[in-house]
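Only heavy atoms go into these numbers, but all of them, side chains included; no hydrogens, no water, no symmetry mates. This is a predicted model, so every value here is computed, not measured.
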Amino acid sequence: MKTKLFIITPPFTQLNTPYPATAYIKGFLNTKNIESVQADLGIDVILELFSKKGLTDLFQSINQQPETDNCKRIFALQDEYIKTIDPVIQFLQGKNPTLALQICQEDFLPEASRFAQLEELDWAFGTMGTQDKAKHLATLYLEDISDFIVECVDENFGFSRYAERLVRSANSFDELYNALQQELTYIDLILISILKEKIEAVKPTLFLISVPFPGNLYSAFRSAQWVKQNHPEIKISMGGGFPNTELRSLSDKRVFEFFDFITLDDGEVPIEELVENLSSRAESRDEKHFKRTFLLENGEVVYKNNSLKHDYKQSQVGTPDYSDLPLDKYISVIEIVNPMHRMWSDGRWNKLTMAHGCYWGKCTFCDISLDYIKVYEPVAASLLCDRMEELIEQTGQNGFHFVDEAAPPALMRALALEILKRKLAVTWWTNIRFEKSFSKDLCLLLKASGCIAVSGGLEVASDRLLKLIDKGVTVEQVAKVTRNFTEAGIMVHAYLMYGYPTQTIQETVDSLEMVRQLFEAGVLQSGFWHQFALTAHSPVGLYPEQFGVTKKTELIGTFANNDIEYTDSTGINHDKFSFGLKKSLFNFMHGICFDYELQDWFDFKIPKTKIHPDFIFNALEEQNDFSTKPNAKVVWLGGKPSVEIFTKSKKGRSWEMMSLTFHDKKESFTIQTSKEEGEWLIDILSKISISNTKNYTFQEVKNDFENQASLEDFELFWYSKPINTLREFGLLVL
């Protein structure tokens with residue numbers, strides 16, 4: 001019997017773009033000629049729920065009468081919600097742009113409590129166009145409906161997660177298991193009706209459920225439960241980010257009432273082995289082979305890893321395949337005016353990976369002992385560009401989000417050069433480490449290739465703690481790198497952290513002051529504070545005694561084991577800083593309140609900062625080292641100049657000069673040199689042009705100059721005014 005796979009992401013992840021795991025797996029299966037169909041049940045459920053029929057059913061089926069004034073108001077306005085929902089969803093899908101004008105007049109949408117925050121955000125719309133303002137208002141409208149669903153219909157509902165609370169302390173499977181014995185919730189009923197239709201259409205032999213986050217887990221079990229009860233012949237497997245980090249010590253056999261297999265880490269070989277085991281050929285084998293797979297054998301949970309196959313290289317896994325997914329039906333929302341969070345939720349991105357794992361792989365809060373971080377393997381720039389071109393062809397969209405742990409600077413440079421050589425018009429963004437190799441020129445190259453934003457971990461903005469984290473950067477270095485990105489026109493988002501083990505109150509205050517100065521200097525545009533969480537697979541989790549941390553228990557649960565409760569030797573309650581840190585950041589992001597005392601953000605006493613008020617300003621004032629490495633690549637992004645030769649006379653002497661006029665996208669500029677230098681310059685610019693396949697080093701350019709008999713003193717010419725002008729317009733040293 002031929003194997004057919006059905007791969008799903010259960011509700012809910014993102015509204016604006018599919019989570020890429022199923023597309024990655026389908027792309028790999030294509031290379032093996034294994035038939036598969038994928039679905040994002042999250043977007044399917046949302047579109048069913050947020051429709052004229054969906055809201056009509058919803059208002060008729062409420063479990064309890066609204067108690068709060070807010071939900072009474074929404075219930076009273078139900079006809080207005082039912083009337084407006086379909087056009088609003090179409091608008092957010094990009095299909096009905098003229099509706100923006102009506103939404104912005106603010107008498108079209110029914111308004112409940114979410115709109116109260118509009119007064120505070122009114123000034124933000126000065127920088128937003130009509131479409132953006134309308135998207136934001138439409139998002140508030142959806143959130144009002146969501147509040148109603150949570151209060152009156154299904155308390156587990158959330159746009160990007162479902163029943164996440166059942167998984168928060170999931171060392172034991174009990175709470176989740178008990179919830180799965182209850183009647184189906186309102187959302188479950190919608191999910192199961194969609195799943196039933198798809199299973200009957202696809203008729204799979206193997207059902208794969210990808211669970212990236214805790215907020216997908218309950219729906220994954222509900223989906224598996226229904227298939228087990230109604231199609232016991234279909235084998236079911238779970239993989240994805242949640243099992244990879246949380247279920248590595250799974251021992252509760254009740255899990256296998258729902259699933260036949262749970263696979264860990266890269267899914268390609270584990271799935272290939274499952275397919276092989278289900279084929280008719282497997283019957284002749286003495287033993288079935290599994291790769292990193294949990295299953296039930298003789299009534300006990302066993303972990304099998306007896307496959308002889310090695311994991312595939314990144315060059316062998318194929319291009320992600322988004323076919324089957326309704327790409328034109330995802331909805332773009334603008335929840336808050338944080339520019340980086342906006343990129344997460346607004347617009348559709350093709351997701352790709354530059355490198356498997358992390359090239360740094362040292363940060364002590366990170367899961368560096370697990371393969372998804374530990375096994376580092378970059379993809380060649382030419383292959384990445386091939387995949388980008390395939391995806392543009394397939395999806396019709398040229399926006400890319402590289403979902404790397406930290407994109408390697410050398411690979412980013414190679415990718416940017418390849419994009420420019422191929423004359424691809426793309427938009428892309430990724431996650432990085434703020435390391436010193438991001439020079440001004442590299443940032444300009446990345447910008448020219450279509451890079452619009454980067455996010456990176458500043459974590460705790462304190463040099464002592466950055467050293468303890470083993471981040472490999474200093475605050476001063478971060479300031480310079482963020483300046484280079486900002487000046488190139490690339491937006492910078494910083495991940496910030498508080499509550500790291502041994503962090504003192506003074507260090508939290510000093511960290512906030514560093515962040516204040518970075519925003520005031522204009523080198524950060526976006527940020528977010530996360531509270532430190534201790535995870536089992538990080539160096540802090542593995543060796544807590546080295547970080548002044550004591551685990552509350554050494555017991556290993558039978559279900560999820562990742563987040564660890566602990567006490568910190570400082571005894572500080574870091575929770576109390578949360579509100580003040582986030583409120584101050586919200587204001588800094590909008591360019592205001594830099595003159596507030598840090599004390600003003602907190603309703604309890606904090607010490608004065610010990611950071612010099614001009615620390616960041618002084619760091620940015622330091623001049624960069626002008627020496628150029630001989631093996632640095634020299635690249636010209638501009639075009640060919642038009643040339644005029646003229647004669648210059650001085651004190652009875654005359655000589656020939658050359659005037660070179662260049663045109664870039666925004667303006668034209670002219671430089672003047674001697675005729676000999678001008679001729680050499682025209683020749684070398686054509687050699688180092690981005691369109692050429694050969695890359696020239698700085699040493700080769702210097703040798704070329706000195707081999708011209710009449711030219712001497714390359715350094716003097718290189719640092720002269722004409723070259724400095726070219727440096728401003730696309731002559732890059734990388």
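Phe714 CZ to Leu711 CG: the interatomic distance, rounded to the nearest 0.5 Å, is 10.5 Å. Remark: Tyr376 OH to Gln314 CD distance equals 11.0 Å, nearest 0.5 Å. Taking NZ from Lys694 and NZ from Lys633, the interatomic distance works out to 10.0 Å, rounded to the nearest 0.5 Å. The distance from the OG1 atom of Thr17 to the OH atom of Tyr330 is 7.0 Å, given to the nearest 0.5 Å. A distance of 6.0 Å separates CG of Leu732 from CG of Leu444, quoted to the nearest 0.5 Å. One finds the CG atom of Leu420 at 7.0 Å from the CG atom of Leu417 (value rounded to the nearest 0.5 Å).
A donor atom on one side chain and an acceptor atom on the other are found under 3.5 Å apart for Thr508 and Gln503. With 3.5 Å as the limit, one finds no donor-acceptor pair spanning the side chains of Tyr322 and Asn350. Neither side chain, Ser674 nor Glu656, offers a donor N or O lying under 3.5 Å from an acceptor on the other. Side chain to side chain, Thr647 and Ser654 fail the donor-acceptor criterion of an N or O pair below 3.5 Å. Between the side chains of Glu418 and Ser382, no donor-acceptor pair of N or O atoms lies under 3.5 Å. When only modelled atom types and interatomic distance are considered, Asn431 and Asp404 share no side-chain donor-acceptor pair under 3.5 Å. Inspection of the Glu435 and Ser437 side chains reveals an N or O donor paired with an N or O acceptor under 3.5 Å.
Figure legend: cation-pi geometry between Lys436 and Phe438 absent, as NZ or CZ is not positioned both under 6.0 Å from the six-membered ring centre and within 45° of its axis.
Counting only distance, with no hydrogens or angles, the side chain of Arg387 and the backbone of Pro320 share no donor-acceptor pair below 3.5 Å. Side-chain atoms of Asn618 come within 3.5 Å of backbone atoms of Asp614 as a donor-acceptor pair (strictly under, hydrogens ignored). Put simply, the side chain of Glu459 never gets that close to the backbone of Lys471: no donor and acceptor are under 3.5 Å apart.
Taking the charged nitrogens against the carboxylate oxygens, Arg413 and Asp441 have no contact shorter than 4.0 Å, which rules out a salt bridge. Salt bridge status for Lys687 with Asp683: present, with a side-chain N to carboxylate O gap under 4.0 Å. Remark: Glu513 engages Arg516 in a salt bridge, criterion side-chain N to carboxylate O under 4.0 Å.
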* Start with the C-alpha distance between Ser449 and Trp428, add both sets of side-chain angles, then the distance that settles side-chain hydrogen bond (donor to acceptor under 3.5 Å, both in side chains), and finish with yes or no. => CA-CA 9 Å; Ser449 74; Trp428 61 277; 3.2 Å; yes
* **Tyr719 vs Asn724, side-chain hydrogen bond (donor to acceptor under 3.5 Å, both in side chains): CA-CA, chis, key distance, verdict** => CA-CA 6 Å; Tyr719 295 110; Asn724 282 340; over 6 Å; no
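Residue Arg464 is tested with Thr502, Asp510, Thr504 for a side-chain hydrogen bond (donor to acceptor under 3.5 Å, both in side chains); the sole match is Thr502.
Side-chain contact check for Leu466 versus Thr474: every heavy-atom pair is 4.5 Å or farther apart.
Checked against the 6.0 Å centroid criterion, the rings of His530 and Phe528 qualify as a close aromatic pair.
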